[in-house]
> 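Below you will find the structure I want to go over with you.
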Amino acid sequence: MTDVFLELGREVANALGAHNIRTSVIAHPLGELKRTEVRERGGKAFADIMRNLLTPAQKRLDDAVDAVAPMPPQTASSDQINDYFYAQGWTDGLPIVPPRRERVDKMLAAFRQAPDTIIGVIPPRMALATVEKIAINAVMAGCRPDYFPVVLAAVKAICRPEFNLLPMQATTNPVTPMIVVNGPVVKQLEINSGYNVLGQGWKSNATIGRALRFVLTNIGGGIPGKFDKACHGQPGKFSLCIAENIEASPWEAFHVEKGHAADASTVSVIGVTGTQDIIHYARTSARQVLDTVIHAIPREGYKNLYSGGEPLLIFGPEQAAILGEAGLSKQDVRRIIFEGTRIPIALFNPETVELMRGRRPRVFAEAGETTTIPIADRVEDIQIIVAGAAGNHTVFLPTWGDTRCVTVEI
Amino acid sequence: MSQEILNPVGERQGGRKAAAVTRRKVRGKPVIGLLNNSKPNVAFFLETIEQELRAPGTNYEIINVVKPKSAGPCPDIELLAERCDYVINAVAD
């Protein structure tokens, strides 16, 4: 194990019950070294590895037990509570709403299940996301009680196995769950789907996304640098929650595509690694719009290329209208982008091709010694949402590859 | 109403102790599994370890397993559990 992952590796092993794990440590990194350096490092580590492997453990690691931090007294001021929570690593750096019992009870009253109901288990600490713990974090984030069912649905969604939360919490990638809300709840809670949809300005968007981040940090233990190993992270890790602008879409709603009734309120979670604006200057035909998208999608360096998954496009209303008026379905749009963004395999070095061959076996199996690589394994893996307002923009959001979108009803 | 300040940290899940495997007694030639998590250079690192394990005077059976997706489960985990006395899992980036 390289040194930067030692604490995380032990934490996960212990949380999963592998108390007797032995670790030999080498210096980070490994991936960027020349082969001769790797072999030299392996040769030097061998004796220590064998000693750890063959010598009976001197000390069994105990079950991971956290000391429960004492809480500030009821008389503590908001500033004192904020200072204490920040020092404990329980905030995102911005002020929080102190989670006093009275506020948490109001949040709990918005949901009919018992406070100790377990919604999921959050890695890497493998800690229980009970309704009450989620409510505490939602209060801290500034959520109104009527937002709470949306937060609970989002927690439920990220805990589904196909979302693959454990490595997502620990990876060096900048991935974060983006929440997409559909259905009647969008209007009821005034969740923004229009101007500045990925930005600031709406209490519901800002606090629902922030609450999910607090759940990941405080229940799951995703504290930056400790168990959250993101190299850079991204601004969306503060909060990332949008609604689909279905009134402006020529296509069926995102949640309907996922098998839900149009009048159902749903939360979808998508593990995105960032946002890239695509501006369409003087592009008035569907072909021109799609050409801009195809030319703007990078040819290397984002996770979907190496691991597949479900890259996401958010079309603004104007671009969606051009595509819809041309009679293109979402599947037509996907197919054109899928074919148009194929990348010559010769652009990659042999080691990268070998890595992709292991991670994207479907692509290589179907195409043999394929000469081009698509940005997703299947046409239908490209995800499309309509959101935003006036303007000639599309947003490309690469996803983390090793995760699938999950949609649940609220 | 109470002004008590509540702790946002979740309690750990219990009851996973069964996942801990007690090391069995090695009989005969020890079997060592080498688990490659498919991160870049891990294969070369484990190749070096394997060369050392196969050096003259040693007596190990080696089983190589590749986890195709670094961030996914190991499809051959049962094989490792059944066949191996020891497993070396390379974790790096």
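Heavy atoms only: backbone and side chains are in, while hydrogens, waters and symmetry mates are out. Keep in mind that this is a model prediction, so the values were computed, not measured. Naming: A, B, ... by sequence-line order, numbering from 1 per chain.
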> Report the option among A:M1, A:E351, A:M71, A:K229 that has the most heavy-atom pairs separated by less than 4.5 Å from atoms of chain B.
A:M71

> Which region of A:V38, side chain (C-beta onward) or backbone (N, CA, C, O), has a non-hydrogen atom less than 4.5 Å from a non-hydrogen atom of chain B, or is it both or neither?
both

> To the nearest 0.5 Å, what is the distance between CD (A:E102) and CD (B:Q3)?
5.5 Å

> Within this structure, what is the CD1-CD1 distance for the pair B:I5 and A:I136, rounded to the nearest 0.5 Å?
11.5 Å

> Report the distance from atom CD of A:E354 to atom OG of B:S38, rounding to the nearest 0.5 Å.
11.0 Å

> In chain order, what residues pass the side chain to side chain donor-acceptor pair (under 3.5 Å) check against B:N89, with sequence neighbours excluded?
none

> Heavy atoms under 4.5 Å from chain A: which residues of residues 69-79 of chain B carry them?
B:K69, B:S70, B:A71

> Would a 4.5 Å heavy-atom cut-off, applied to side chains only, mark A:R101 and B:L6 as touching?
yes

> If you check every heavy atom in residues 39-52 of chain B against those of chain A, which residues fall under 4.5 Å?
B:K39, B:P40, B:N41, B:V42, B:F44, B:F45, B:E47, B:T48, B:I49, B:E52

> At a heavy-atom separation under 4.5 Å, does A:F46 approach chain B through its side chain, its backbone, both, or neither?
both

> Which one, A:P167, A:S307, A:P99, A:G358, leads in non-hydrogen pairs under 4.5 Å with chain B?
A:P99

> Quick one: what part of A:P29 sits under 4.5 Å from any heavy atom of chain B, side chain, backbone, both or neither?
both

> For A:I49, which atoms come within 4.5 Å of any heavy atom of chain B: side chain, backbone, both, or neither?
side chain

> Would you compute the distance between atom CE of A:M50 and atom OG1 of B:T58 and round it to the nearest 0.5 angstrom?
8.5 Å

> Report which part of A:A13 has an atom under 4.5 Å of a heavy atom belonging to chain B: side chain, backbone, both, or neither.
neither

> Give a yes or no answer on whether the side chain of A:N137 reaches the backbone of B:P8 with a donor-acceptor pair at less than 3.5 Å.
yes

> Quick one: what part of A:P73 sits under 4.5 Å from any heavy atom of chain B, side chain, backbone, both or neither?
backbone

> Answer whether the closest heavy-atom distance between the side chains of A:L53 and B:V87 falls below 4.5 Å.
no

> Counting only heavy atoms not in B:E11, do more than 12 fall under 6.0 Å of its CD?
no

> Could I get the full list of side chain to side chain donor-acceptor pair (under 3.5 Å) partners for A:R100, not counting sequence neighbours?
none

> Please classify the contact of A:M140 with chain B as side chain, backbone, both or neither, using a heavy-atom distance under 4.5 Å.
side chain

> Output the distance between atom CG (B:N7) and atom CH2 (A:W90), rounded to the nearest 0.5 Å.
4.0 Å

> Does any backbone or side-chain atom of A:I134 lie under 4.5 Å from a heavy atom of chain B? Answer side chain, backbone, both or neither.
neither

> Can you say whether A:L128 sits under 4.5 Å from chain B via the side chain, the backbone, both, or neither, judging by heavy atoms?
both

> If you count heavy-atom pairs under 4.5 Å with chain B, which of A:G220, A:A127, A:G221 comes out on top?
A:A127

> Is it true that, when you exclude A:R213 itself, more than 12 heavy atoms of the residues, nucleotides or ligands shown sit nearer than 6.0 Å to its CZ?
yes

> Would you say that more than 12 heavy atoms from the other residues, nucleotides or ligands in this model lie under 6.0 Å from the CZ of A:F348, or not?
yes

> Does some side-chain heavy atom of A:R359 sit less than 4.5 Å from a side-chain heavy atom of B:P68?
no

> Hey, could you give me the CD/CD1 distance between B:Q13 and A:I122, rounded to the nearest 0.5 Å?
11.0 Å

> Which of the residues A:V4, A:L30, A:D402 is involved in the greatest number of heavy-atom pairs with chain B at under 4.5 angstrom?
A:L30

> So for A:F85, is it side chain, backbone, both, or neither that comes closer than 4.5 Å to the heavy atoms of chain B?
side chain

